[in-house]
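Just so we're on the same page: letters track the sequence lines, and every chain starts at 1. The structure presented is a predicted model; accordingly, all values stated were derived computationally and were not measured.
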Amino acid sequence: MTAPEIRVRFAPSPTGYLHVGGARTALFNWLYARQLGGVFLLRIEDTDKARSTDESTRAIFDGLNWLGLHWDETVVYQGSPEHLARHQSDARSLLDRGLAYRCFCTAAELDERRKEADARKTAFKYDRRCDRLAPEDISRRVADGMPFTVRFRVPEGTISWDDIVHDTISFPDKDIEDFVILRSDATPIYNLAVVSDDIAMRISHVMRGDDHISNTPKQILLYHALGAALPRFAHFPMIHGMDGKKLSKRHGATAVADYEHQGILPQAMNNFLALMGWSPGGDREVMTMPEMLELFSEKGLLRKAAVFDTKKLEWMNGQHLSRLTGDDLVNAVAPAFVRAGLFASLDSVEEVKPWFVGVLDDCKERARTTDQLVGLTELFFPGHVVTIDAESAKKNWPDRAVAADLIRASRDRLATLEPWEDKAIETALKTLATERGVGTSPLFQMIRVAVTGKSVGISVTHTIFRLGKVVTLQNIDGALQWLAQGPPA
RNA sequence: GGCGGUAUCGUCUAGGGGACUAGGACACGGCCCUCUCAAGGCUGGAACACGGGUUCGAAUCCCGUUACCGCUACCA
């Protein structure tokens, strides 16, 4: 006997970019499927043509691919004609079997009644008046071409299911109104389209955000009415902004693409997202994708909404960056270097890979994002022109004449230094500091700014070593000129 | 308003009746290391929402209250 096939799906509506909440949901589905040898599908819920755009669909693909959350089979477009036809025939079938009925109430009328109920401070629930229409009355209205929606008749009883993250959840049917499944233009409403598609796609586990909990009883009713077996349901907690409110544009970056552009690594993003609503237990935090795949379990799924803290995301990114080595490191950061114009293309990275890996290894621990890594390493690129940062100059060269004198002296020592090694460079510079009666700290900082233009970076002696004698001297000469003449106009 | 969900440091979380004087991480402060910035090490402050039960014993189980979130559309 073989276990039933596991088929899960991520079903976003293409009405914006791929936001972090959606990405987290996609990640959990992907993790679940990949771990259990199941299938991970992508369905674009574009039945709301007015709000859906191709651009958004594109953004969803891009975001998922960037995160490495590749889907199986072909993408399902919910609003495509073939699926639309099935939604309609499912509605038709419910109508024919007396499980749904035509409602001739107009949107305006419904609105009016809702307002009245509101004024009386009572809960509005559709009163089923159209379900009491005489058969001949209905036929006459249909014959007259009167527009109607199709409503599902909610039976009496209680709906409950065993949610993977919440355990048992139940809803009394009396609190659910006869909901619309087909609009008057014959297009399907969300709940019908979802159930119809999930049945057709043979989805075994419906895993989504817990904002769908109250849709679930309606959908279960539809599964029963359509004679299909129920999938298992899992509802993941929401992701909120630092103010505890649902994450929105007000909170700054909410699209995964924003983080990609800020120099966040996809593996760090996945790691951080996974921890919003899941925990491997114990103190484990930093994990690679393969590790998460191994550790992921429905037992560790959490119920509480999580607040998205970008500070921790950055910290985590730094952890991932520091742990990467060799080719993995190069592959992870190369796109950022191409974007920064340091490499013409990914191919040109290949040509100098050993050198590049060396530079990266020297700097990676000091960077939290790939953008910072670019800033730390750019001066080692051939042809890099140093620009003296005004703030750094002001702070580390308080007296220009003194600075120039010390820097010139350092230049002289370095010019004749043999051999060109970290230790020798350090000794030479420290000796100079002692001879001149200045602290190593201020002297090293003076030299740092002279050689790199900045006040922060990796070890000064190692920077000088890596730059080589020619470039180091060149940079120092540039700094001396700057000191003599002031910044170039 | 109705219905549903949730509740441990500011934040992410560990914990699932006794091992809790509640652990780790981010953030914040101090110290160490140190040529800067990171990283790393040490360290400080910081939480079981409240009230009732059940029990010899509750952060853990039950009930209520409160707060927050979600749904309550011919949106998804």
Q) Aromatic rings Phe236(A) and Phe28(A): how do their planes relate, parallel, tilted or perpendicular, breaks at 30° and 60°? A) perpendicular
Q: Mind checking side-chain contact (heavy atoms from CB on, under 4.5 Å) for Leu95(A) and listing every partner two or more places apart, or none if nothing turns up?
A: Ala100(A), Arg102(A), Val150(A)
Just list the side-chain donor-acceptor pairs under 3.5 Å for residues 295-308 of chain A, sequence neighbours left out, or say none.
unit_1	atom_1	unit_2	atom_2	d
Ser297(A)	OG	Lys299(A)	N	2.9
Glu298(A)	OE1	Tyr32(A)	OH	3.3

Output one line per pair: protein atom, nucleotide atom from nucleotides 40-47 of chain B, and distance, for all N/O pairs under 3.5 Å.
unit_1	atom_1	unit_2	atom_2	d
rG40(B)	OP1	Gln319(A)	NE2	3.4

Q: Compare the minimum distances between each of rC35(B), rC74(B), rG10(B) and the side chain of Arg151(A), then state the nucleotide with the smallest one.
A: rC74(B)
Q. Does Thr122(A) or Arg448(A) map to a spot on RNA chain B nearer the 5' end, using the closest nucleotide for each?
A. Thr122(A)
Q) Which nucleotide, rC12(B), rC26(B), rC74(B), lies nearest any side-chain atom of Met276(A)? A) rC12(B)
Q.
Taking the minimum atom-to-atom distance to the side chain of Glu45(A), which one of rU11(B), rA76(B), rC74(B) wins?
A. rA76(B)
(Q) Which residues in residues 359-379 of chain A have a heavy atom closer than 4.0 Å to any atom of RNA chain B? (A) Glu365(A), Arg366(A), Arg368(A)
Anything under 3.5 Å between a protein N or O and an N or O of nucleotides 2-6 of chain B, put it in a table, one pair a line.
unit_1	atom_1	unit_2	atom_2	d
rG5(B)	O3'	His166(A)	ND1	3.0
rU6(B)	OP1	His166(A)	ND1	3.1

Check: protein-nucleotides 60-67 of chain B nitrogen or oxygen pairs below 3.5 Å:
none

Q) Between the base of rA76(B) and the side chain of Asn215(A), is there a donor-acceptor distance below 3.5 Å? A) yes
Q.
Nearest whole Å is fine: how far is rU11(B) P from Leu273(A) CG?
A. 19 Å
Q.
Nearest to the side chain of Thr440(A), heavy atoms from C-beta on, is which of rC35(B), rC69(B), rC74(B)?
A. rC35(B)
**Q.** Short N-O contact, Arg9(A) and Asp197(A), less than 4.0 angstrom
**A.** no
Q: Could you tell me whether Glu55(A) atom CD has more than 12 heavy atoms of other residues or ligands within 6.0 Å of it?
A: no
**Q.** Atom-to-atom span, CG of Leu324(A) to C1' of rA39(B) - whole angstrom
**A.** 16 Å
